[in-house]
Amino acid sequence: MPTLLLRHADVLVTMDDTRREIRDGAVFVRDGVIETVGTTADLPQTADEVIDLRGQVLLPGLVNTHHHMYQSLTRAIPAAQDAELFGWLQALYPIWARLTPEMVQVSTLTAMAELILSGCTTSSDHLYLYPNGSRLDDSIEAAQQIGMRFTACRGSMSVGQSKGGLPPDSVVEDETAILADTRRLIESFHDASRHSMLHVAVAPCSPFSVSRELMRDAAVLARSYGVRLHTHLAENDNDIAYSREKFGMTPAQYAESLGWTGHDVWHAHCVKLDDEGIALFGRSGTGVAHCPCSNMRLASGIAPVGRMRAAGVPVGLGVDGSASNDGAHMLGEARQAMLLARVGFGPAAMSARDALEIATRGGAKVLGRDDIGHLAPGMSADMVSFRLDGVGHAGGAVHDAVASLVFCTPGAVDTSIINGRVVVRDGALQTVDLPVVLERHNALARSLVS
């Protein structure tokens, strides 16, 4: 069994149950699983591979709980730069209708490369439209190629404009076909074992793009296979108004009425989740993917993350789609989460360590994983390190190295280990030829829009 030793980290942030931060820290890995965590002096001194992390902070890999990776092809589209959620979607749906399988695969590679280089080791992705023969298989193949731990969400839209929904009819699917393909994907790809690299989740897009029946049937299907459920909920004021007008309920009440609460469910955004909804989610263990940059970009508002966490709601971090955030830097997203919480609720609303906890342990819990999110014996070997000796951390690292990761300019990862495999070494991605991927990605982006 191959072994790996990471040693001499200036600070090792374990995020374990006691939140230990170890000076001159080290981690010993055997066959992709953490065997020992402690000081360099207390750990084995040899391994098949040894990586020296002097001048760096080592921490658990960050976990991204919400994304639409195909949207990296439509960043900064002029027609959608200054719109709120519904107008933004209506400007982009006709462009996304031209997606091809290659576009889905290459955009997923691009989005995952960006995430990995920002400290992310596990990501979900919510693909909810499948034009021109595109399939979730295209995203899964990209994840396997680049080496990212992945929760692939089989999204869907079934209620087009002719039936009172938001999306054009050209991008919706038949509900029977949606459920059949979801079964196929779970049976073909979902791996429920510990340290699994691939989960499949069931993810109708939103209350304004699928029917009650599909939401209900999707929940029954997911639970028959023991997989998780994901959708968008309570994202902005228009979202709330639509739910009240169409269903006579708040989004949280609507979700509960259809079986969409519980430990196996997580909702994206929840910016406008009211006190009743927060209490419901806390009681039921329903998770939330907090997407601060996207919420700011679309002027959706400030999610009450502090009240959610105080009520026991599992909260993780999400970068959301690359066209509603236009960046997908996970450490930067943690910084933005801290800053936005303080804008809305005061300087004590979120600390730097709170932000890192949401981005690691919080995300793991939201995705239903007990094998990632912190560093301890028996956990998957997903770890990242950031250098502290650059100009961006000058002064900050000498006072509080861990907090400086969030307070100072977000840096690029120096080393990334996923499932015990070195995926980034000395800041360079090892698993794909990134310049070649980006060249093809940009060519596809031009052809998609033109």
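By convention here, the first residue in the shown sequence is residue 1. Computation of the quantities below employed the complete heavy-atom set of this structure, encompassing side-chain atoms and omitting hydrogens, waters and symmetry-equivalent molecules. Remember, it's a predicted structure, so these values are computed and weren't measured experimentally.
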Least distance between heavy atoms, [X] atom then [Y] atom:
X	Y	value
L298	A83	CD2-O, 3.6 Å
D382	I372	OD2-CG2, 3.7 Å
H68	H126	ND1-O, 2.7 Å
P94	R98	O-NH1, 3.7 Å
A328	H67	CB-NE2, 3.9 Å
P204	A218	CG-CB, 3.6 Å

Any side-chain to backbone donor/acceptor pair from [X] onto [Y]? Under 3.5 Å, distance only.
X	Y	answer
S124	T65	yes
S380	D371	yes
E84	G87	yes
R361	I358	no
T286	W266	no
S243	I240	no
N64	V319	yes
S107	M103	yes
W260	M215	yes
R369	G363	no

[X] side, atom [atom1]; [Y] side, atom [atom2] - distance, nearest 0.5 Å:
X	Y	atom1	atom2	result
H263	S284	NE2	OG	7.0 Å
M69	F150	CE	CZ	5.5 Å
I146	L434	CD1	CG	7.5 Å
I417	S385	CD1	OG	8.0 Å
T182	H190	OG1	NE2	13.5 Å
S123	E114	OG	CD	11.0 Å

Next item on the list: Write out all pairs satisfying ring-ring contact (aromatic ring centres under 6.0 Å, His included) with one or both partners inside residues 158-184, taking only residues at least two apart or from two chains.
Entry: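 Residue pairs with at least one partner in residues 158-184: there are none.
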Next item on the list: Could you name each residue pair satisfying ring-ring contact (aromatic ring centres under 6.0 Å, His included) that touches residues 274-317, not counting sequence neighbours?
Entry: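 Only H267-F281 qualify under ring-ring contact (aromatic ring centres under 6.0 Å, His included).
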Margin query: Between D137 and L185, is the side chain to side chain contact (heavy atoms under 4.5 Å, CB included) condition met? List the steps.
Written below: CA-CA 8 Å; D137 309 53; L185 287 159; 3.5 Å; yes
Item checked: side chain to side chain donor-acceptor pair (under 3.5 Å) between H269 and N295, worked out -> CA-CA 8 Å; H269 300 292; N295 296 342; 3.0 Å; yes
Margin query: Using side chain to side chain contact (heavy atoms under 4.5 Å, CB included), reason through T250 and R244 one step at a time and then give a plain yes or no.
Written below: CA-CA 6 Å; T250 67; R244 288 191 178 278; 3.2 Å; yes
Quick test of your reading of the model: are [X] and [Y] salt-bridged, counting only N-O distances below 4.0 Å?
X	Y	result
D239	K272	no
D169	K163	no
D138	R135	no
R283	E256	no
R307	D274	no

Item checked: Residues, nucleotides or ligands: over 12 heavy atoms within 6.0 Å of R342 CZ ->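 Buried by this count: over 12 neighbours within 6.0 Å.
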Decide yes or no for [X] and [Y]: does some side-chain heavy atom of the first lie under 4.5 Å from some side-chain heavy atom of the second?
X	Y	answer
V449	L73	no
V63	L317	no
V202	V227	yes
D320	R297	no
L444	L448	no
I116	V423	yes
D217	I178	no
E173	D181	no

Notebook entry, point to check: What's the verdict on side chain to side chain contact (heavy atoms under 4.5 Å, CB included) for L405 and V13, showing C-alpha distance, side-chain angles and the deciding distance?
Noted result: CA-CA 11 Å; L405 287 176; V13 182; 5.7 Å; no
Checklist line | Working for side chain to side chain contact (heavy atoms under 4.5 Å, CB included), residues R19 and E357 | finding: CA-CA 9 Å; R19 306 302 191 270; E357 182 173 318; 3.1 Å; yes
Item checked: Residues S193, D191; criterion side chain to side chain donor-acceptor pair (under 3.5 Å); working and verdict -> CA-CA 6 Å; S193 65; D191 178 3; 2.7 Å; yes
Notebook entry, point to check: After noting the C-alpha distance and the side-chain angles of S72 and H441, does the key distance pass the side chain to side chain donor-acceptor pair (under 3.5 Å) rule?
Noted result: CA-CA 9 Å; S72 62; H441 180 273; 2.9 Å; yes
Margin query: Quick one, E175 with S211, criterion side chain to side chain donor-acceptor pair (under 3.5 Å). Give me CA distance, side-chain angles, the key distance, then yes/no.
Written below: CA-CA 9 Å; E175 295 189 353; S211 69; 2.6 Å; yes
Checklist line | Sequence-distant partners of Y242, ring pair (Phe, Tyr, Trp, His ring centres under 6.0 Å), two or more places apart | finding: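 Testing Y242 for ring pair (Phe, Tyr, Trp, His ring centres under 6.0 Å), a comparison that skips the adjacent residues, returns none.
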